[in-house]
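In the text below, chain A, chain B and the rest are named by the order of the sequence lines, each starting its count at 1.
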Amino acid sequence: MSDIRTRFAPSPTGYMHLGGLRTALYAYLFAKQRGGKFILRIEDTDQEREVPGAVELIYEDMHKAGLDYDEGPDVGGDYGPYIQSRRKDLYLPYAMQLVESGAAYPCFCTKEELQARRDKATAKGEQWKYDKHCLHIDKAEAKRRMESGEPYVIRQNIPETGVASFEDLLYGHVETECAILDDNVLIKQDGLPTYNFANVIDDHLMKISHVIRGTEYLSSTPKYNLLYEAFGWQPPTYMHLPVVMKDATRKLSKRHGDPTFEDLLEQGYVRDAIINFIALLGWAPKDDREFFTLPELVEVFDTDGLSKSPAIFNTDKLRWFNSEYIKKMDFEDYLKTATPWFDKALQGKGIDYRRLAELMHGRTEVFSQVPEMVSFLAELPDYQIDLYSHKKMKTDPALSLTVLKLALTRAAALQDFTEDALKESLMELAAENEWKTGQVMWPVRVALSGLPSTPGGATEIAYLLGKDETLQRLAIGINFLEQFQSMRQS
RNA sequence: GGCUCCAUGGUCAAGCGGUUAAGACGUCGCCCUCUCAAGGCGAAAUCAGGGGUUCGAUUCCCCUUGGAGCUGCCA
């Protein structure tokens, strides 16, 4: 067993973001590929943002995504608890250790005072940064005030000179002047740590070897390394991942109505297609291959295929992946998955789902579009006369009327109302009158569906509709065309 | 504003000093076809701009421009 340990550390604030899912996926792949462990840790130190039920949702989404973790709140492990709020008492002693060594200090400034100073600075167009005001309080005095119960926070004491830096697996050397770094709060007034502190403590305690997370932490990571140094700990290897964008300037966010992993699943995207697509959003394999299952990704994933620039979440490509995955689905699976979607439009209509599924299998991009595609079977949509005119099929309303009348007679005469029998009969009709196949099939299909395109041709639709409904719709078509003709004459 | 990072077609991207600058999605055209898809074939479309370095820059360096992230007692 290798010592590689990666983690995914989401905050329980709602559904799984696609960007988060991708980060989790890469962290998972990285660990699994090297025989390491993948850990789930819940970062809920901000009680105000906590959304009820969100923690369970994370477990569920990870499970649905197939990203099984070796350690986590619900599966246990040797380094628990894996929920930060359950570890709350463990952070303060570490912070005090830093206070002792001078790498941190208590601060008694209130939020209001801070805000006032911040506002004043911004009003003057100045850059706000905490002025280390409380660093200069006498140590004994500070201790007395802390013990007296006066509210305080603990701040990181960042050196005023020098540089802080780290090596990123993707971005290389990143460094910042300490002089421009702010003295972050490590322990909040409520006694809970901030992310800035908790992530360092927990990653160390949980023996995380590789911290894989979004670029939003890239610029604060030098500060974290200062903390590792102050503790005398070995920092982990970092790898930051670019953001997933909605378009060139906006990142994907739930607030703007962009879909979450959960949403995509509900819309009828299949899990493997989503994972496959997400994997390729910011990473490319060495060759041209683009279909990968999760285990295959574990095999071939490599960090130098990673991209440094943000990628736009492109739904077209996802749809394509999805349709490919659907086509590859076993037919019985397809039928089973499609059935509830068929029901939405056709419940109780007595349609042969099996035959419908055969017709739809290769035409389904996303399951949510299925009801709309088949609803014409339940009810004939209103349509315009020009549907009967089709240049390529060489048809027009007049010819359509003739064809429909003859087709109705033939259909009515069929004892055995099968696709083959109907097709044979209609082809015969075309041949007898020296019409092209399309000149017969087009008007029939239009009369039966009222649509410019359908999943299946005229005879297939006729079969699904059944003899009675077929004859009825043919009659409606004839009636419609006759009315049109008499209107034109008058 | 400051700091950090990024920059190849519409999108995802390969490329890692010398290439006709891959491939995929999407778009368009043709074929196939009882419609539409699917499938087959083909096409259009990219190195942000300017300086260097070099015999030679998409590739290395700098600047500009554009974009992103951070700048919270949020993560």
To the nearest angstrom, how far is [X] atom [atom1] from [N] atom [atom2]?
X	N	atom1	atom2	answer
A:Arg250	B:G69	CZ	P	12 Å
A:Lys246	B:A68	NZ	P	14 Å
A:Gln84	B:C74	CD	P	13 Å
A:Glu460	B:U33	CD	C1'	11 Å
A:Lys223	B:U4	NZ	P	13 Å

Requested in this report: Kindly say whether A:Asp396 contributes a backbone atom to a donor-acceptor pair with the side chain of A:Ser389 at under 3.5 angstrom?
Outcome: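 Answer holds: no.
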
For this session: State whether the side chain of A:Thr470 and the backbone N or O of A:Ala462 hold a donor-acceptor pair below 3.5 Å, judged by distance alone.
Result: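 Yes, A:Thr470 side chain to A:Ala462 backbone: donor-acceptor pair under 3.5 Å.
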
Mind checking the P distance from B:G67 to B:G72? Whole angstroms is fine.
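Here B:G67 and B:G72 have their P atoms 23 Å from each other.
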
TODO: Sticking with atom C1', work out how far B:U4 lies from B:G18, rounded to a whole angstrom.
DONE: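 Roughly 35 Å separates the two C1' atoms.
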
Categorize [X] for me: base, sugar-phosphate, or nothing, with a 4.0 angstrom heavy-atom threshold over every strand shown.
X	value
A:Glu365	nothing
A:Thr215	sugar-phosphate
A:Val153	base
A:Lys129	nothing

Pairs: protein N or O with nucleotides 12-15 of chain B N or O, under 3.5 Å:
{"from": "B:C12", "atom 1": "OP1", "to": "A:Ile312", "atom 2": "N", "distance (Å)": "3.0"}
{"from": "B:C12", "atom 1": "O2'", "to": "A:Leu280", "atom 2": "O", "distance (Å)": "2.9"}
{"from": "B:A13", "atom 1": "OP1", "to": "A:Gly282", "atom 2": "N", "distance (Å)": "2.6"}

Query raised in the report: Centroid-to-centroid, A:Phe367 to A:Tyr334, below 6.0 Å?
Result: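 A:Phe367 vs A:Tyr334: aromatic centres under 6.0 Å.
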
Task: Ring centroid separation A:Phe277 to A:Tyr269 under 6.0 Å - done: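 No - the distance between ring centres of A:Phe277 and A:Tyr269 does not fall below the 6.0 Å cut-off.
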
Please determine, for the side chain of [X], which listed nucleotide ([options]) has the closest atom?
X	options	result
A:Met441	B:C34, B:C5, B:U35	B:C34
A:Trp128	B:U35, B:C6, B:G72	B:G72
A:Asp316	B:A75, B:C25, B:U4	B:C25
A:Glu216	B:C70, B:G23, B:C34	B:C70

Both distances under 3.5 Å, Watson-Crick or G-U wobble: report the partner of [N], or none.
N	result
B:C73	none
B:C41	B:G29
B:C55	B:G18
B:C36	none
B:A68	B:U4

Between A:His204 and A:Tyr228, what is the ring plane arrangement, given parallel below 30°, perpendicular above 60°, and tilted in between?
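Perpendicular, since the angle between the ring planes exceeds 60°.
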
inquiry  = Classify the ring geometry of A:His240 against A:Tyr238: parallel below 30°, tilted from 30° to 60°, perpendicular beyond 60°.
reply    =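 Answer is parallel, since the angle falls under 30°.
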
Query raised in the report: Which is it for A:Gln369 and A:Arg319 under the side-chain contact (heavy atoms from CB on, under 4.5 Å) test, yes or no, and what are the steps along the way?
Result: CA-CA 11 Å; A:Gln369 71 184 179; A:Arg319 286 177 81 86; 3.0 Å; yes

Problem - Distance below 4.0 Å between A:Arg118 side-chain N/O and B:G72 OP1 or OP2 - result: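 Affirmative; the distance criterion is met.
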
Think A:Lys188 has a side-chain N or O under 4.0 angstrom from the OP1 or OP2 of B:C74?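 The answer is yes; a side-chain N or O of A:Lys188 sits under 4.0 Å from OP1 or OP2.
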
Check your understanding: If each of A:Tyr152 and A:Leu218 is mapped to the nucleotide of RNA chain B with the nearest heavy atom, which maps nearer the 5' terminus, i.e. the 5' end?
Key ->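 It is A:Leu218, whose closest nucleotide lies nearer the 5' terminus.
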
Practice item. Using heavy atoms to find the nearest nucleotide of RNA chain B for A:Glu290 and A:Pro452 separately, return the residue whose nucleotide is more 5′. Key: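 So the residue in question is A:Glu290.
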
Do A:Thr454 and B:U35 share a donor-acceptor pair, side chain to base, under 3.5 Å?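 Present.
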
(message) Should the side chain of A:Thr459 and the base of B:C34 be counted as holding a donor-acceptor pair, with the cut-off at 3.5 Å?
(response)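 Yes, the side chain and the base share a sub-3.5 Å donor-acceptor pair.
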
Exercise. Tell me, please, which residues at least two apart from A:Arg289 pass salt bridge (charged side-chain N to carboxylate O under 4.0 Å, His left out).
Key: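 Result, salt bridge (charged side-chain N to carboxylate O under 4.0 Å, His left out) vs A:Arg289: A:Glu296.
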
Per-nt protein contacts along nucleotides 37-50 of chain B (heavy atom under 4.0 Å; B base, S backbone sugar-phosphate only, - none) come out as BSS-----------

Between the side chains of A:Asp258 and A:Arg250, is the shortest nitrogen-to-carboxylate-oxygen separation below 4.0 Å, so that they form an ion pair?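 Salt bridge flag = no for A:Asp258 with A:Arg250.
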
Worksheet item: Is A:Arg145 close enough and on-axis enough to A:Tyr152, meaning under 6.0 Å and within 45°, for cation-pi?
Response: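 No - A:Arg145 does not lie over the ring of A:Tyr152 by the 6.0 Å and 45° rule.
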
